[in-house]
Amino acid sequence: MDVSHLLDALNPAQREAVSAPAGHLLVLAGAGSGKTRVLTHRIAWLIEVERVPPWAILAVTFTNKAAGEMRGRLDALLAGRTQGLSVGTFHGIAHRLLRRHWQEARLPQMFQILDADDQQRLVKRVISGLGLDEARHPPRQATWQINAWKDEGRRPDMLEDRGHPQTRAQIDIYRAYEEACRRAGLVDFAELLLRAHELMLEQPALLAHYRERWRQLLIDEFQDTNTLQYAWIRVLAGNTGQVFAVGDDDQAIYGWRGARVENVQHFLRDFPGARTLRLEQNYRSTATILKAANALIAHNGSRLGKQLWTAGADGARIALYAAYNELDEARHVVQRIAEHLDGGGRADDCAILYRSNAQSRVFEEQLMQQRIGYRVYGGLRFFERAEIRDALAYLRLAANPNDDAAFERAVNTPPRGLGERTLDTLRTHARAARVAMWQAASLLLADKSALSARAGNALRGFMELIQRIAASAPDASGGLTLAEHVAQMLALSELRAFYEKDSRGNAESRVENLDELISVAARFEPGPEDVEAGLGVLASFLGHAALEAGEAQGEAGQDCVQLMTLHAAKGLEFSIVFLVGLEEGLFPSQKSLDEDGRLEEERRLAYVGLTRARQRLLLSYAESRRLHGTEMLARPSRFLAELPAALIDEVRPRVQVSRPLYAPARAHAVEEETDLPALRLGQRVRHAQFGEGVVTAAEGGGAHTRVQINFAQAGSKWLVLAYARLEAC
DNA sequence: TTCAAGAGAGTTTTT
DNA sequence: CTCTCTTGAA
């Protein structure tokens, strides 16, 4: 058989991975080493050469984008011979399993998915329902804890408080939250995975069926798996399934949300006979960029070890710009982009990468001023917009009246006279009777004296409205299409009218979005897997809305400068990368510096940033930066010192200002020049935000004077004297 | 019930 | 500084 079309375009390491004999394989795929190509060619190899039927293959990714990309490449490679092949995200696959086996999973047939936002609202209501103080038990933190426990596979009964009242309360919240979800037929993201895992463990026949079916498991971005996802793969593989895991421990940047890089090491221990292959040849960046990246990541201990190399040229040296402040940094970056454009370059060659979203603003302002088009990644996506979520709440409630999260959202949007007072009565009754809000509402309406006539009428009107919407559902006997159903809902609920006369500026775009929702519904077609799982068009659509939030901003195809966080940049590449804000406390972030063991992940993030660049890499930092309203002084990031100096061109030698300030004589000079209070080392001062502290150092002079103050609460900080508005005390 | 002013918090994000 | 959410008054 001729297999050359599958192997010809590959390098020896890639070829070895694609054509590997039976057995588990761990592919350590460095940045830009052709990871997706190896994955897709491996699948093609299995089907064409090993004669594995497509339905016996399960390929798992983390994002819908990656799944879509893989499916597209497979279609091109296999020309349609992909019937029955399962490609999806962990959550997507778990969702389908649960839809298909809802009875075995003890879920209502019309269960709905609770997204992160809804989840937090629900947790919040649970906390106040338990009579707990929100200040002592922040909903944010409680939600985080619940998700962390679920990601570890732990149910409330498996947890112990060990005498800690705080832990006790969190377990109580967790238990009450689970109960609320059960009553409302809601499943959050972590629950999708946990339920699917439990389903397999509790139903041996089902497990046997899926082990028999999926003999080949391929996992993308393996370093991002959490405990539960790893356990799920182990269960599914059993003793018969073969696992092909692709990942890069040096690009593990999601530890903070439960991903366990250790799984890469555990894989070799837990999957007998597993072999390791390394893809180290890079097809993306210049040798200079790779040398820098290799040098940086070498500062991390506990690596599996990898050294990227390229057959290509050295390329230009890396530029480093020491900006005076964030505005100077932005001006410089935008000027370089303008030069690139003047030279005939494309805007979308350029990406500005930063550690935190707040940094994008200055760059946006400068780009706008220079009339250079740009696109900021991240932010609200289509299905996350308030008006769309409102609309979806009506659809969900009509599909499943027990969906309390949807009830709470829809009930008074638009306002219909059902305020906090009435809702509180409803919540209390629902909790006492252990039923959903909808049922509690029915009960209260039956009891003539329970509600005021006005509230009762409003509530009755709302419930009749939901029933009228439900009657127009595609699955109901009325027989409307999905798009007609959505249009009907928008009209009946008066949502569209409400947003039309919305006074808060952006009414137009909100109405446009609502209209767009009708078009989205009209275009929507359930995927083959949804059909296979027996989903109706409405359930399929609602699942799609919850699991695939859609594009952040339209016009992705336009030629414009790309702005995004380093996290968002993972997996992408650009000819010219500006990695900005390389300052201690910003990148690496202060929060990571404060906690043990978080620095290596920051370094991996920097590694991800460096390896995004194909041709040119430009680094920058600001000596002074305005953050949260206060001017802060920062030192260059330690990561800069970890790059070989020979690879770097300092665009402007940075001003050396570290003369110690000999107080009080020098402080007196400062006072004369700038009209600032005289300061001396050791003096106690007060800052509006950080409280009291002691001056421990100072440098620079005149308007540039910066002082280091050790605050009692906020710790040690460098501040620009001119902005800090310190009071002596 | 609704609106407006004040308080408080502000890494990173997908599903 | 800027956004979100809570709180208090009309």
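The chains referred to below are lettered A, B, ... by the order of the sequence lines, with proteins before strands, and numbering in each begins at 1.
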Q.
For A/F639 together with A/H299, are the ring centres under 6.0 Å from each other?
A. no
Q.
Nearest heavy atom decides the nucleotide; on that basis, is A/W256 or A/E420 closer to the 5' end of DNA chain B?
A. A/E420
Q: Look at all strands and tell whether A/L418 reaches a base, only sugar-phosphate, or nothing, counting heavy atoms closer than 4.0 Å.
A: sugar-phosphate
Q) Taking atom C1' in both C/dC5 and B/dT12, what distance in whole Å separates the two? A) 23 Å
**Q.** Mutual orientation of the aromatic rings belonging to A/W256 and A/Y254 [parallel < 30°, tilted 30-60°, perpendicular > 60°]
**A.** tilted
Q: Quick one: label A/N64 by what it contacts on the DNA or RNA (base, sugar-phosphate, nothing), any heavy atom closer than 4.0 Å.
A: sugar-phosphate
Q.
Please classify the nucleic acid contact of A/R140 as base, sugar-phosphate, or nothing, using heavy-atom distances under 4.0 Å.
A. nothing
Q: Answer yes or no for A/R99 and A/F111: cation-pi contact, defined as NZ/CZ to six-membered ring centre under 6.0 Å and angle to ring axis within 45°.
A: yes
(Q) Using a 4.0 Å cut-off to any heavy atom of chain A, which nucleotides of DNA chain B are the first and last in contact, reading 5' to 3'? (A) B/dT1 to B/dT15
Q. What is the nucleic acid contact for A/D115, judged by heavy atoms within less than 4.0 Å: base, sugar-phosphate only, or nothing?
A. nothing
Q.
Tell me if the aromatic rings of A/F462 and A/F407 count as close, with their centers under 6.0 Å from one another.
A. yes
Q. How far, in whole Å, is C/dC3 from B/dT14 if one measures between their C1' atoms?
A. 23 Å
Q.
For a quick check of understanding: with a heavy-atom distance under 4.0 Å over all strands, which category does A/D188 fall into, base, sugar-phosphate or nothing?
A. nothing
Q.
For a quick check of understanding: with a heavy-atom distance under 4.0 Å over all strands, which category does A/S589 fall into, base, sugar-phosphate or nothing?
A. base
Q) Under 4.0 angstrom, heavy atoms only, what part of the nucleic acid is A/E548 near: base, sugar-phosphate, or nothing? A) nothing
(Q) What's A/A546 touching, base or sugar-phosphate or nothing? Going by heavy atoms closer than 4.0 Å. (A) nothing
Q | Pairs meeting criterion salt bridge (Lys or Arg N to Asp or Glu O under 4.0 Å) with involvement of residues 414-423 of chain A, two or more places apart | A | A/E420-A/R427
Q) If each of A/S356 and A/R454 is mapped to the nucleotide of DNA chain B with the nearest heavy atom, which maps nearer the 5' terminus, i.e. the 5' end? A) A/R454
Q: Give a yes or no answer on whether the side chain of A/R234 reaches the backbone of A/Y230 with a donor-acceptor pair at less than 3.5 Å.
A: no
Q: Sticking with atom P, work out how far C/dT4 lies from B/dT13, rounded to a whole angstrom.
A: 16 Å
Q. Quick one: ring pair (Phe, Tyr, Trp, His ring centres under 6.0 Å) partners of A/H197, sequence neighbours excluded?
A. none
